[in-house]
Amino acid sequence: MKDFVRLFNQLDQTTKTNRKVAVLKSYFDAANDMDKLWTIAILSHRRPKRSVRTALLREWAAAEANLPVWLFEESYHIVGDLAETIALVHPNLESKNDKSLTEWIQFIIDLKPLSDEEQKKKVRWAWNQLDERERFVFNKLLTGGWRVGLSQKLMTRALALHAEVEENTLTHRLMGDWRAETSNYHDLVEATNAADQLSKPYPFYLAYAVEGEVQELGNVEDWQAEWKWDGIRGQIIIRNNELFVWSRGEELVTDKFPEFQELVEALPNGTVLDGEIIPFQDGKPLSFATMQTRISRKNVSKAILKSAPIVMIAYDILEFEGQDLRETSMADRRKILENLVQNQESEKLLISEVLELNSWEKLIEVRTKSRENNAEGLMLKRKESTYKIGRKKGDWWKWKVDPLTIDAVMIYAMRGHGRRANLYTDYTFAVWDGEKLVPCAKAYSGLTDKEIKRVDSFVKKNTVDKFGPVRSVTPELVFEIAFEGIAKSSRHKSGVALRFPRIHRWREDKPAGEANTMADLNKLLAEFG
Amino acid sequence: MPLLQFTEKGIYCKQANVYIDPWKPVDYAIITHAHADHSRWGNKFYLSHHLSKPIIQHRLGQDISIESMEYGESRTINGVHFSFHPAGHIIGSAQVRVEYKGEVWVASGDYKLENDGFCAPFESVKCNVFITECTFGLPVFKWKPQEEVFAAINAWWRQNKADGKATVLTGYSLGKAQRILQGVDPSIGKIYTHGAIEKTNEVIRNMGVKLNDTIYVTPEIQKKEYEGSLIIAPPAALGTSWQKKFPAFEVGIASGWMNMRGPRRRQSVDRGFVLSDHADFESLNIAINATGCEKVIVTHGYTNIFSKWLNENGIDSQVESTEFEGELAEVGQGKGEKESE
């Protein structure tokens with residue numbers, strides 16, 4: 001594993017993209033196929049499943065370091081990374097191991113069926129074989145949540161250089177639900193058109209947000225406008241009489257949407273649709289909150305199928321009759337899509353309506369009606385555009401409506417993780433209910449590094465109480481919280497749940513007493529909930 | 001009444017009417033060391049170690065009223081004996097031993113146990129009550145011997161030189177900068193310094209303390225001349241127009257905080273070297289045990305956690321809040337050291 005640890009250190013020691021690609025390429029050049037395969041898997045979030053409970057790891061780590069568990073926990077809160085905390089508190093040793101990355105991963109996989117006692121023995125043995133950096137990497141493999149500051153895109157670029165395969169082709173080959181345990185490097189990276197390509201989705205084309213005035217996009221005639229639906233971006237694949245549903249996060253979610261099974265009958269083989277899976281009933285979209293009740297469940301029950309019905313609103317077609325259509329223009333793809341959707345039987349598949357658009361002014365007006373349509377805003381797509389890979393500027397734009405906002409008071413703060421470890425960066429906000437402050441949202445993004453430092457120092461100086469990692473602070477700072485939607489919720493003290501809350505800006509001009517109230521939130525709920 | 005108490009102005013000895021490292025102006029201030037959060041502006045009289053005096057004067061003005069004494073020497077004020085003992089933190093840093101009618105307290109300021117080969121190494125002082133920092137009072141903080149750290153810094157510098165680049169390494173102007181200067185291998189290349197450091201170096205050289213040769217970074221120097229060199233700078237100089245004079249360079253930070261990946265990545269630098277002038281967790285415990293004290297007062301750092309740890313281990317401990325900052329400014333979090341040029 002020494003070469004992998006060296007790779008990790010090198011990636012960790014540079015902020016420069018080109019350097020990262022170069023070190024990764026030279027790692028691939030030297031590594032054997034098994035290690036390469038596992039490296040690709042790890043860097044594309046396909047680690048082996050966690051085989052040891054983290055509660056046990058904490059206990060063993062504290063015991064190995066001769067520390068009380070509470071002190072280990074406090075250290076963990078401050079370091080913000082379990083694998084790192086374990087590596088750091090453990091007595092420092094010289095490295096004694098010479099296992100390869102693949103062997104260590106096999107070691108971890110083999111822990112799974114063992115008893116707690118046997119696991120403990122093995123894990124302690126491992127910790128004592130490794131030096132601090134190796135121990136950290138081993139723990140990362142064991143606990144997951146791997147962030148190396150290297151996107152999948154960069155990994156793919158480095159691998160493309162190493163394997164001499166075109167980058168886009170490789171992106172496609174690396175998609176889908178392959179696992180290192182059951183694949184091999186040659187089939188995954190080098191082989192062309194293997195039989196197991198059946199379930200493979202295409203990389204999603206992602207839109208940028210409109211910057212500046214929409215008129216700057218040029219001639220209105222060149223654009224197609226649609227609602228930006230508020231659901232789960234998904235790809236539906238029908239090949240060889242089988243259905244596959246993929247989410248944007250490259251997750252195979254076919255089982256979560258049994259409703260779509262009927263599409264195997266309704267659509268011809270060799271069809272791939274891109275669209276939004278949304279909750280929908282009686283000819284109308286429902287709020288996204290309905291969807292949340294079902295995606296969080298492991299099993300989709302009959303009751304859920306009934307209370308949270310869904311449809312696919314298709315807006316693009318990427319493959320038809322087995323042909324890759326991505327190089328065809330949007331306008332032509334649209335014709336094929338319309339023809340296909342209108343002539344099929346399933347009610348679970350709808351088409352995303354194209355909004356009539358004869359002037360930008362008209363469109364600006366239509367956009368203001370987004371929330372009433374349970375849409376987040378509009379999508380603008382250039383009629384001539386091809387279907388690209390990933391986030392590319394120029395042809396697809398999302399044009400969201402402005403978020404809802406409230407002014408709320410910060411009442412709790414927690415330390416962040418990873419890059420923000422050891423700084424108070426995660427806050428809970430509250431609104432007034434008479435004399436009381438009721439928590440209504442948690443947010444951890446939206447401030448600049450400079451502002452975070454100032455808030456952090458405020459938290460440290462104005463702590464009222466501590467509960468584990470959480471500090472309650474003097475209710476003094478007011479922030480404008482932006483959010484995308486509001487829904488009733490019995491799980492929140494305030495009785496409402498805000499969707500995607502984030503800090504819009506710090507209202508340094510506002511005293512806490514002038515923050516919004518529960519009544520204000522209820523008004524928003526009545527209007528938009 | 002306790003011999004030393006914590007007031008809103010600082011650590012106070014009522015019997016002698018003097019303060020140790022006060023954070024608000026007082027008549028008589030005994031100073032442990034010349035860092036800004038321990039030797040502040042506005043006191044009527046200062047008493048420091050000989051090697052701190054010129055630095056304090058350089059920082060606070062030649063017109064302040066200041067006297068100094070040697071380690072082991074003592075001064076008696078209204079029956080209270082005050083003496084300095086090496087703290088090993090930076091040049092001139094001292095623990096203040098306070099004795100009155102047989103009772104001994106030690107205010108240790110900031111300290112480290114490792115002999116850095118430059119400042120006088122830490123000496124343990126027996127006492128009844130020990131006042132300690134705990135900037136790095138968590139078991140995740142473990143320092144490696146400085147030879148190892150400097151070997152890594154030298155290797156990095158050599159590599160950068162081979163790549164035709166300059167090497168920028170940051171640390172406090174007073175203390176860390178000189179430790180780096182004396183710790184690296186000067187045969188690798190030229191060593192440049194930022195103005196704030198060079199001025200401090202000048203004060204130190206004028207005291208007759210030998211430092212390796214340095215060149216002050218000035219606008220007249222040609223870009224090309226920096227290639228392959230080491231440039232030592234205070235943390236606040238990073239990301240300012242000051243860097244524009246340099247050719248391609250790699251940046252590193254030398255600080256105890258670099259022990260954690262989060263703060264290291266937050267600084268967006270190429271390398272973090274774990275090098276601290278404070279005691280790590282184990283050293284804090286060793287230092288406390290060696291004093292044989294009955295009680296420990298913890299002043300700055302992870303105070304609540306560290307104090308709880310001591311109490312669990314049968315060492316009576318309490319937390320007192322102060323305005324000392326530890327090493328925070330090295331990761332841009334303190335407000336102590338304001339560097340400008």
Side-chain angles (χ1 to χ4, degrees), chain A residues 8-16 19 61-62 64-68 70-81 83-92 131-133 136 140 147-149 415-425 449-450 452-454 456-457 460-461 463 466 471, chain B residues 136-145 148 152 156 159-160 163 165 239 248 250-253 256-274 280-282 285 300-313 321 323 325 328-329 331-335:
Chain A
F8 178 79
N9 285 342
Q10 287 174 327
L11 291 175
D12 215 30
Q13 280 170 4
T14 183
T15 49
K16 296 173 187 89
R19 172 99 59 94
E64 281 293 281
N66 239 330
L67 296 172
W70 71 263
L71 184 53
F72 178 86
E73 293 292 329
E74 291 282 6
S75 302
Y76 169 44
H77 290 318
I78 286 158
V79 174
D81 184 308
E84 188 183 350
T85 312
I86 294 174
L88 288 173
V89 298
H90 194 277
N92 278 333
D131 69 18
E132 185 207 301
R133 290 299 285 186
F136 172 61
K140 272 289 178 198
R147 272 171 189 261
V148 208
R415 283 197 170 94
H417 285 259
R419 200 174 153 270
R420 296 166 140 199
N422 201 32
L423 279 181
Y424 284 92
T425 58
D449 282 0
K450 261 204 179 124
I452 288 176
K453 266 181 211 163
R454 287 176 54 215
D456 174 74
S457 132
K460 284 171 183 160
K461 287 189 191 126
T463 300
K466 296 178 185 176
R471 290 190 177 200
Chain B
F136 295 107
L138 288 180
V140 292
F141 295 107
K142 279 189 240 168
W143 309 153
K144 299 220 164 84
E148 267 183 54
W156 175 60
Q159 182 61 50
N160 294 340
D163 296 343
K165 289 178 181 171
E250 296 274 309
V251 192
I253 295 180
W257 298 108
M258 296 300 109
N259 196 49
M260 289 198 286
R261 205 168 155 244
R264 191 172 71 241
R265 288 167 74 211
R266 202 153 62 225
Q267 302 307 314
S268 290
V269 291
D270 301 298
R271 292 291 293 270
F273 297 96
V274 186
D280 65 4
F281 183 75
E282 194 187 346
N285 283 289
H300 56 298
Y302 295 103
T303 48
N304 292 331
I305 299 170
F306 190 66
S307 179
K308 182 174 171 187
W309 158 256
L310 292 177
N311 281 319
E312 274 197 5
N313 283 276
S321 68
E323 294 186 15
E325 290 187 344
L328 282 177
V331 284
Q333 280 186 47
K335 48 185 175 357

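What you are looking at is a predicted structure, and each value in this text was computed from that prediction instead of being measured. First the proteins, then the strands, lettered A, B, ... as listed; each starts at 1.
Using cut-offs of 30° and 60° on the angle between ring planes, the pair B:Phe136 and B:Trp257 is tilted.
Distance NZ/B:Lys308 to CD/A:Glu74: 6.5 Å, rounded to 0.5 Å. Atom CG of residue A:Asp456 and atom CG of residue A:Leu423 lie 4.5 Å apart, to the nearest 0.5 angstrom. In this structure, the separation between CH2 on B:Trp156 and CD on B:Glu250 is 7.0 Å, given to the nearest 0.5 Å.
Comparing B:Val269, B:Leu138, B:Asp270 by heavy-atom pairs within less than 4.5 Å of chain A, the highest count is held by B:Asp270.
Proximity to chain A (any heavy atom under 4.5 Å) is restricted, for B:Lys144, to the side chain, taken from C-beta onward. Proximity to chain B is limited to the side chain of A:Arg415, based on heavy atoms less than 4.5 angstrom apart. The contact between B:Tyr302 and chain A is made entirely by side chain atoms (from C-beta outward), counting heavy-atom distances below 4.5 Å. At a 4.5 Å heavy-atom cutoff, the contact between B:Phe281 and chain A is made by side-chain atoms alone. Looking at A:Glu84, only its side chain comes within 4.5 Å of chain B, counting heavy atoms on both sides. For a residue to count as touching a neighbouring chain, one of its non-hydrogen atoms must lie under 4.5 Å from one of that chain's; by this rule A:Phe136 touches chain B with the side chain only. At a 4.5 Å heavy-atom cutoff, the contact between B:Asn259 and chain A is made by backbone and side-chain atoms alike.
Summarising the geometry of B:Met258 relative to B:Ile253, their closest heavy-atom pair is CG-O, 3.6 Å, with the distance given to 0.1 Å.
One finds a salt bridge joining A:Arg133 and A:Asp12 here, because a Lys/Arg side-chain nitrogen approaches an Asp/Glu carboxylate oxygen to under 4.0 Å.
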